[in-house]
Protein chains: 2
Amino acid sequence: MEITFKAINDPTRREILVFLIGGAQNAGEIAKQFSMSKPSISHHLDLLKQGNLILAEKKGQYIIYSLNRSGFELVHVWFQGFAQYFEFPKPKIRL
Amino acid sequence: MEITFKAINDPTRREILVFLIGGAQNAGEIAKQFSMSKPSISHHLDLLKQGNLILAEKKGQYIIYSLNRSGFELVHVWFQGFAQYFEFPKPKIRL
DNA sequence: TAAATATTTAAACGAATGTCTAAATATTTA
DNA sequence: TAAATATTTAGACATTCGTTTAAATATTTA
């Protein structure tokens, strides 16, 4: 849990997560989105992976990254206690 | 947003938040929960306040801290995008 | 008004973090 | 097999972070 919150703490890593909502991407494509060296992005990807927020799958010489449900679920569960405290309004329409 | 995620990143601060689910408390009572100096707790409370996760209200010589909806809402909204990504499609009802 | 209580502010310091460049590893292509 | 491509690992360095003790501020009580 500690590592998951830590992973979410950095703005670049949050941007990577949002970027991956659009679909899985290899490391190079992810790095292109940022004005930062590839090793830095690689390091961020590693932390996101450690926090179970992304999955890495090797495909030839590429590594494809995608969102990982389990990290998000962990944070979601933590927040549930507060959601109940505040009684966030439930959507009236089931989509 | 940056400061809100930062505030949530520290384990002591997360414990303070959980503690406050039980109800508002003054700084001294909060500090009692931790084996840490009062100035450290004071600093953590300051960061939580900056992140709009808690409210501070002066009551005589005490300062009463309570959970603040707005910080939690901000994080909640951020997570909504991912919740949608992971959610299984709901069956459509034929009318 | 002086002392006691509650809390914060200030200054210092080691540990953790994010970034870079250079080098290493793995895979594909010529 | 050698060169090119994709990505990571290693090492260095400045900045940020969490903690402490000491001092300051504010309020209440005797």
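When reading the values below, keep in mind they use all heavy atoms of this one structure, side chains included, and skip hydrogens, waters and symmetry mates. Lettering of chains follows the sequences in order, A, B, ..., and the numbering in each one begins at 1. Since this is a predicted model, take the numbers as computed values, not measurements.
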Inset, instruction - Could you check how far CG of B:D46 sits from P of C:dT9, rounded to whole Å? - result: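 My rounded result for the distance is 6 Å.
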
Would you indicate whether the side-chain heavy atoms of [Y] and [X] approach each other to under 4.5 Å?
X	Y	value
A:L74	A:N52	no
B:H44	B:F34	no
B:D46	B:Q50	yes
A:Q25	A:Q33	no
A:F72	A:L17	yes

Inset, instruction - Could you summarise the pairing of DNA chain C as dot-bracket text, marking Watson-Crick and G-U pairs under 3.5 Å with ( ) or [ ] inside the strand and | across strands? - result: ||||||||||||||||||||||||||||||

Pairs under 3.5 angstrom, nitrogen or oxygen only, protein versus nucleotides 16-20 of chain C, please.
from: C:dT17; atom 1: OP1; to: A:K6; atom 2: NZ; distance (Å): 3.2
from: C:dT17; atom 1: OP2; to: A:K6; atom 2: NZ; distance (Å): 3.1
from: C:dG18; atom 1: OP1; to: A:D10; atom 2: OD1; distance (Å): 3.4
from: C:dG18; atom 1: OP1; to: A:R13; atom 2: NH2; distance (Å): 3.1
from: C:dG18; atom 1: OP2; to: A:R13; atom 2: NH1; distance (Å): 3.3
from: C:dT19; atom 1: OP2; to: A:H44; atom 2: NE2; distance (Å): 2.2
from: C:dC20; atom 1: OP2; to: A:S37; atom 2: N; distance (Å): 3.0
from: C:dC20; atom 1: OP2; to: A:S37; atom 2: OG; distance (Å): 2.9
from: C:dC20; atom 1: OP2; to: A:S40; atom 2: OG; distance (Å): 2.7

Testing the basics here: between [X] and [Y], what is the closest heavy-atom pair and its distance to 0.1 Å?
X	Y	answer
A:A56	A:I63	CB-CG2, 3.9 Å
B:I64	B:A24	CG2-CB, 3.7 Å
B:K6	B:R13	O-NH2, 3.1 Å
B:N9	A:E2	O-OE2, 4.2 Å
B:L55	B:L67	CD1-O, 4.3 Å
B:I41	B:M36	CD1-SD, 4.0 Å

Legend entry - Contact list for DNA chain C against residues 16-30 of chain A - heavy-atom distance below 4.0 Å: none

Inset, instruction - Name the first nucleotide and the last nucleotide along DNA chain D (5' to 3') that come under 4.0 Å of a heavy atom in chain B. - result: D:dC17 to D:dT28

Inset, instruction - Using the salt bridge (Lys or Arg N to Asp or Glu O under 4.0 Å) rule, collect all pairs that involve residues 23-35 of chain B, keeping only residues at least two apart or in two chains. - result: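 Passing the test, one end in residues 23-35 of chain B: B:E29-B:K32.
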
Inset, instruction - Give the ring-plane orientation class for B:F5 versus B:W78, where under 30° counts as parallel, over 60° as perpendicular and anything between as tilted. - result: perpendicular

Inset, instruction - May I ask whether A:Y65 and A:I8 are part of the same hydrophobic cluster, defined by side-chain heavy atoms of I, L, V, M, F, W, Y residues being less than 4.5 angstrom apart, directly or through others? - result: yes

Legend entry - Contact residues, residues 52-66 of chain B to DNA chain D [heavy atom, < 4.0 Å]: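 By residue number: B:K58, B:G60, B:Q61.
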
Inset, instruction - Would you mind telling me which of B:V18, B:L20, B:L53 makes a side-chain contact (heavy atoms from CB on, under 4.5 Å) with A:F82? - result: B:V18

